[in-house]
There are 4 protein chains.
Amino acid sequence: MTLIGHLINGELSNEAERTQDVFNPSTGEVSKQVAIASQATVEEAIAAAEAAYPAWRATPPSKRARVMFKFLQLLQDNSEEICRLIGEEHGKIAHDAAGELQRGIENVEYACYAPELLKGEHSKDVGPAIDSWSEFQPLGVVAGITPFNFPAMVPLWMYPMAIVCGNTFVLKPSERDPSSTLFIAQLLEQAGLPKGVINVVNGDKTAVDTLLTDERVKAVSFVGSTPIAEYIYATANANGKRCQALGGAKNHAIIMPDADLDNAVNALTGAAFGSSGERCMALSVAVCVGKPMQDAFVAKMKAAMEPIQVGPCTDNSKDFGPVITKEHQQKVIGYINSAEADGATIEVDGREAQVEGHAEGFYVGATLINGVTAEMESYQKEIFGPVLQVMCVETMEEAMQLINDHEYGNGTCIFTRDGEAARYFSDNILVGMVGINVPLPVPVSYHSFGGWKRSLFGDLHAYGPDAVRFYTKRKTITQRWPSAGVREGVQFAFPS
Amino acid sequence: MTLIGHLINGELSNEAERTQDVFNPSTGEVSKQVAIASQATVEEAIAAAEAAYPAWRATPPSKRARVMFKFLQLLQDNSEEICRLIGEEHGKIAHDAAGELQRGIENVEYACYAPELLKGEHSKDVGPAIDSWSEFQPLGVVAGITPFNFPAMVPLWMYPMAIVCGNTFVLKPSERDPSSTLFIAQLLEQAGLPKGVINVVNGDKTAVDTLLTDERVKAVSFVGSTPIAEYIYATANANGKRCQALGGAKNHAIIMPDADLDNAVNALTGAAFGSSGERCMALSVAVCVGKPMQDAFVAKMKAAMEPIQVGPCTDNSKDFGPVITKEHQQKVIGYINSAEADGATIEVDGREAQVEGHAEGFYVGATLINGVTAEMESYQKEIFGPVLQVMCVETMEEAMQLINDHEYGNGTCIFTRDGEAARYFSDNILVGMVGINVPLPVPVSYHSFGGWKRSLFGDLHAYGPDAVRFYTKRKTITQRWPSAGVREGVQFAFPS
Amino acid sequence: MTLIGHLINGELSNEAERTQDVFNPSTGEVSKQVAIASQATVEEAIAAAEAAYPAWRATPPSKRARVMFKFLQLLQDNSEEICRLIGEEHGKIAHDAAGELQRGIENVEYACYAPELLKGEHSKDVGPAIDSWSEFQPLGVVAGITPFNFPAMVPLWMYPMAIVCGNTFVLKPSERDPSSTLFIAQLLEQAGLPKGVINVVNGDKTAVDTLLTDERVKAVSFVGSTPIAEYIYATANANGKRCQALGGAKNHAIIMPDADLDNAVNALTGAAFGSSGERCMALSVAVCVGKPMQDAFVAKMKAAMEPIQVGPCTDNSKDFGPVITKEHQQKVIGYINSAEADGATIEVDGREAQVEGHAEGFYVGATLINGVTAEMESYQKEIFGPVLQVMCVETMEEAMQLINDHEYGNGTCIFTRDGEAARYFSDNILVGMVGINVPLPVPVSYHSFGGWKRSLFGDLHAYGPDAVRFYTKRKTITQRWPSAGVREGVQFAFPS
Amino acid sequence: MTLIGHLINGELSNEAERTQDVFNPSTGEVSKQVAIASQATVEEAIAAAEAAYPAWRATPPSKRARVMFKFLQLLQDNSEEICRLIGEEHGKIAHDAAGELQRGIENVEYACYAPELLKGEHSKDVGPAIDSWSEFQPLGVVAGITPFNFPAMVPLWMYPMAIVCGNTFVLKPSERDPSSTLFIAQLLEQAGLPKGVINVVNGDKTAVDTLLTDERVKAVSFVGSTPIAEYIYATANANGKRCQALGGAKNHAIIMPDADLDNAVNALTGAAFGSSGERCMALSVAVCVGKPMQDAFVAKMKAAMEPIQVGPCTDNSKDFGPVITKEHQQKVIGYINSAEADGATIEVDGREAQVEGHAEGFYVGATLINGVTAEMESYQKEIFGPVLQVMCVETMEEAMQLINDHEYGNGTCIFTRDGEAARYFSDNILVGMVGINVPLPVPVSYHSFGGWKRSLFGDLHAYGPDAVRFYTKRKTITQRWPSAGVREGVQFAFPS
């Protein structure tokens, strides 16, 4: 059986303290093994990154960017293989994996802009013949710890920018679906990156804790659940590291009385069930303003959900694939059960989804729950499955209060035609990423990704302009030259 | 005896759990008392700030900036009174206090630029007829905790920018010299700031811990010593707050063989002894490259130090004043003693400084120590007194290694005429603020202030562009309008 | 009778080739004389500006900005006197003059931001140990030629920014109302500007042509009518100068079927008749979409116009004052006559406006013309008087076509509640300044002012960020230091 | 014989009013013919560009940029063919052509950053609930007119940025060496650019004048000689177009007494003779400070020139190739003759350069002229050949005066080790592009290229950030929404 190992200093390594099963969620079978690195292996990766740092830091940004231009091309050329690897271990259907990869590629495009992004601020004459300028210098060795749900995209949020800024990198991807991540890192080396600048180690808490405590690591980027994000942030900070840690979400859409309902239903179908809802930007709660809208919305949504089909990653005609594990499947079903027990109506029920020929796959069908209220556990927790819950409020203010009171503040959206409603919403909602008739308001790669409240720990958001600032530190130089030098012919004789 | 109280919601308050002596360091006498706030009083200040927040946040940035324009003018009009208050409690002589105030005023100038600084990034057509933009919204209630050594300037690094960005503020100044800080905050209210937007509480660890743990406080800025900075940073982060915490320093100057020696000696005189060396940017170590330079430097520096005089804050003809407390005076002398015991030479000895008529004042004279080595305690610790230590190395690389190995990385400087030496130094030195023939490379107000290594905890530097980012959070909006609205005459009838 | 002279090198001068009457439009009387400068006098002003340039250019931007901070304060302190002077010569009522002055003051605020605005772009490592940066250096002597309609504001669009960028300035204001302009320039000198940095010459075409052809003048900013703007632009360019020349306008509002009509009528009342319509941003054409909207709009607008009163500048209870000259009064009336002759309906007729006690004043009352079509002369030309014309179209596309076909493209506005309509309009309209429910979309001082099509000649807009670029030229430095200098101890001996 | 035609609306066209010889300068033979377009053909190209504009303008910037990413790759893949075409018609040797192409490719890299570069400025709350933002919209059809000396690079300065900003383009390359230009434009179409977005017409003054006067063309970029640049600028402006026109140069290096002479000589060898000196950034005058430096410099330069060899474009072992035409060869020789006649010394004489087997090629050998003075014609004019002239002055001030007095202000350089000399030079020299120990200070692609004085007509420099501004126009939107809309439930009923 294939053993998925590490990439350290340009070499593949299968060192493993132990190995762990990697499942194919579409079939429910164990398809590969992943090597779980020992502390020593992680330290070896850190050492490789540290050794590669001085030369890479001294490489001009334009040359560093050229590696990214080439990487971009290799990602496009190898997209099919990448999507296949994602599908096998994560369960995503190819069209969905391709979407993920495209988003990741866009972050590589942004990394190509490095020479522009790294410009410092120059002030002539801050005093008489005194100049001052600020440079943005790299940090050194930087680590990334990434989740299972976007094995291609989330690492690409991190290391292209970190590396193009002059840092070297150690990545610990999710041990559930590590193959595409490892494959992509190898493409980056193929693009001309010097050995040791990117390193990948598969592992568990031992690997994470080594990265968080080793003093050679200067910064950590994390994406995962909120409890882990909190732990990562506190531990990294206590160990003198810069950190940004992205956690959970509960993303609401407000459906206003003047919404274009066909448009809203159509948009929410993808936003709620795409990628089996295993997205931190999944739109999982629809808040209808007014009972008439609730009724109209539920009716149209039920109709829209009829043709939606769950299936194996290999069947591109299906809409979405299985969830990541058996345990996760049970957890999602448990939340649906709890909503039902709490009095909500299961309008469309995905609990018993059957996929022909894949009885052991980890499937949950698209589910629509109506009559949800703020007290229900299914509302308070992040379900991370293909489940859309519908609530009804009397006013827009009430809808906004619900959102502002929720623990998370990742993404949100309003459906309306009214300019004033949209502006009031975007101004006053306590959420970091806001959509106006856009149900998945993931910022484009040249803006930055980040939630508010307990969805993100740290000052700076992920990717985009904030990432440039996160992966560099400011140095400010003030310069004054003493006069009476060679210009006035006083001090220096002509060199003999 | 005067009791220095708090400013809460636009009102002075003398509430005090207990009071504490405020000394006049020039005379050694207790001149005033300061009220030490209870937790309830600090919470009252936080509540006032929270109540003032919604209206202040909704005030256009241009209007917020206009308060700063007016504040600027009041600071200039009241500069004499401010300098007097600084002198009485801190010990600074008027010319020195005026310098501090001027630097603070420059930060208010920068806050006036808010409408420019708060511009977000707007992207038309991120997709077909889809636009996206990022706004920088205020955080809410923000706190500042400031040290004794710059009672006017350091608070002015913080709250003008925080407030002009739309936040409301609670400041806890040093309890050693709180009067000028309180007076200045009152000027800001006089400039038209609504009640509750700026609040000042005097206090001790209780006040600090209340600010660090109260969930209504969204961010904390701190300047002080490194151990406290670390505590502040960890505690604030653990309580879900954004934090930047500036700590200690040990700032070196490298004197190259081609340095303009007169210029270097002249510059170092002010940088080492100004403000009694109680500055985190004080230049306290001169590293001479080559024995000939060491000898020449020490000879010239001794001559330059002859006319330097310590004296009371009231005597504008003197060069610098006393240190802040009796305890601190003893600590500084202790470091000089230890250097002597470790084998260094006390070339100029300020330990026995006498100021006529002020026998009880906390004076230490300007001190020059030669032959210092990296092992000495006086080298490893921040002395924070009028003491310049001289070291000698063989090469520039050796000098840079010394600096890069030191725990702190706040400021540093090189004296040379050579373009290449300057560039190599500024590129490779692990220090956040670098001077080329500038001994106190404090960035101007439109750049940002921050050290590296254990001199600063946090991602973003103080004041300048980084402060704008620190005191705001990014919100990214993605907007798409459904078609077939009023433009195509489909949906909306003419309102009857 | 008062003779209004020039300000040259810090001195007032009454040199005059001839003098010319200055009228009080409210009374129709000649109230003062203005000196018309000879070529020699203009050249003297240019010489003064040139002499002042080197020292001013070398003054740090932060110090230059401080003059603007002080100027700001003097403008506020002297606002009443300024408004009185504007009223006496232009005819504006005090509340209107105060509005103009406030807009001008905001441009001075922006000039205060100079240290931030003048930051260059710094790129470390454009090659191995090679750095490059761009500086924005001043041009030298810069001229401004300004119109009668905003004697305080338009000059303040120009010289504060030009001067704070390090240039020196020669201003030729309108000879119709020069006093406030001259008075304000004196305040700038009072604020601490060195002599010769700002110079004001009153004059006619001789003065203009001298400024356009003298090779010491490096750039010209102009605001006036389109034919003159074209002449200025061509002549300045042919003489090797940078130029921006702002011309005429015809600003349309589209009233959509879903507009908030009360809001639109209220907004248009000020935008059409304020300042007697003598504004290049006056909203002079209302395009109603649909006959029902046209009828409703005209009815409401007639009602809203009933209380509107024209009166002398001294009567603050009136809404607007006289137009600038007898000739202009006749010209405006002529356009109303022509509209009537062409078949339009004069719904409200201001041609016979009588102001008690001011029979000879140059008054025109607020006028509303309905049923205007694109063929009418009154539509094609800029009226520059208190006249609002109403048109009716069937669709929004038709309304936009009208605007896009017009010679001018200064400002425009749409009244709607619909987000899609607003976005489609702002995207596709060929106009430089666009309002969404904002009838006078004059950009705030931290954005830039400029029309499209024949409303502006030049690449860069007036004031705001574009003005910084217009008043500076880019210099790009690329720097590499040869190694083996003092750092390696090879070339330079210790200076003996 | 090959006829080089046009590229119009995605199709090659051989329409020709007449044809003209294209020479191979290495052999002196006519190798191809070029079609000279009639006015009608140029208008056809303009029409194609205009037709392609609306759809291209509406294409999201990120999609436009993706065409550039692909174009970049095609340029790299086809570099050999491009260099061959350049060599055959221009005469450049492959290593030199490759250098040119690389610089051009870097401009395509910069165009890839478009989504970042096109970000507008967004201001929330310019008034109560009023927002304002500036967009940078494309101009429409834009034209480029480019010179023979960089047939690949200079067009790539222009159209990638113009096109990625949303404009469509008509390029008129030099009729002397049009093949590589045409070939490259075809690669851009191959990269996925829609038909008609890029068009190439070969032609003469008829083509130029058509582009300058046709009202559908909104802007013109030109690079060539100063007299033509002036004509282009005036004509384009008179026809209502935005224009930037780059002209001639005379670039000086100052050799200071402390210069690293080996480094300077080495650097100048390439900068003076590379590309046969046919570069507007060629370093053609060395100004030595002090007679000792002059003597040392001339001696070392003569030695360095010994191995330099001129040869045919096909011989990669040679240093540089022929000049462009027989006439130009004679002109360059004429300038050398005139210098000799005026009393200068021809230290190294390239007038009689012989290239074996290529007797009819247009060769001039590397030439060094000593003892040149400011009065000589060879100093005053741009030679545009492989000729380095040496002057001697007593002081740095004198050297700078020479440069500042010259008609041109394109590039310049200083050789020194002294920080103060470098800073004084870069601050005070009236030249747009300045090198510190960098003899050819061509800004990198992410800065902008432009001279001062009579080297550039226009406000904005070529390529880099200035090009973004040149190829877009600012539109400022101010937005306010009336309240009482759907949010408050007042106006709109639920759509039935």
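Since the model is a prediction, treat every value here as computed from it, not as a measurement. Numbered from 1 within each chain, the chains take letters A, B, ... in sequence-line order. Hydrogens, waters and symmetry mates play no part in the numbers below; they use all other heavy atoms, side chains included.
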Whatever's closer than 4.5 Å to a heavy atom in chain D on A/Ala422 counts as neither
When the 4.5 angstrom heavy-atom criterion is applied to A/Thr395 and chain D, the contacting part is neither
When the 4.5 angstrom heavy-atom criterion is applied to D/Ala65 and chain A, the contacting part is neither
Hits for salt bridge (Lys or Arg N to Asp or Glu O under 4.0 Å) against D/Glu397, two or more places apart or cross-chain, chain-then-number order -> A/Arg487
Max heavy-atom pairs within cutoff under 4.5 Å with chain A, candidates D/Ala421, D/Pro115, D/Pro465, D/Gly464, goes to D/Pro115
Under 4.5 Å to a heavy atom of chain D? For A/Arg66 that would be side chain
Applying side-chain hydrogen bond (donor to acceptor under 3.5 Å, both in side chains) to D/Asp466 and not counting sequence neighbours gives C/Arg469, C/Arg474
Heavy atoms of D/Phe69 and A/Phe69 approach each other most closely as CE2-CE2, 3.3 Å
For residues 101-112 of chain A against chain D, heavy atoms under 4.5 Å, the residues are A/Gln102, A/Glu106, A/Glu109, A/Tyr110, A/Cys112
One should read off an interatomic distance between D/Asp427 CG and A/Asp131 CG, to the nearest 0.5 angstrom, of 7.5 Å
>> Would the distance check show the side chain of D/Lys119 and the main-chain N or O of A/Tyr446 forming a donor-acceptor pair, the cut-off being under 3.5 Å?
In response: yes
For D/Lys300, the salt bridge (Lys or Arg N to Asp or Glu O under 4.0 Å) test, sequence neighbours excluded, returns D/Asp262
Nearest heavy-atom contact between D/Arg423 and A/Ile130 is NH2-N, 4.2 Å
Interatomic distance, CD@D/Gln76 vs NZ@A/Lys70, rounded to 0.5 Å, equals 8.0 Å
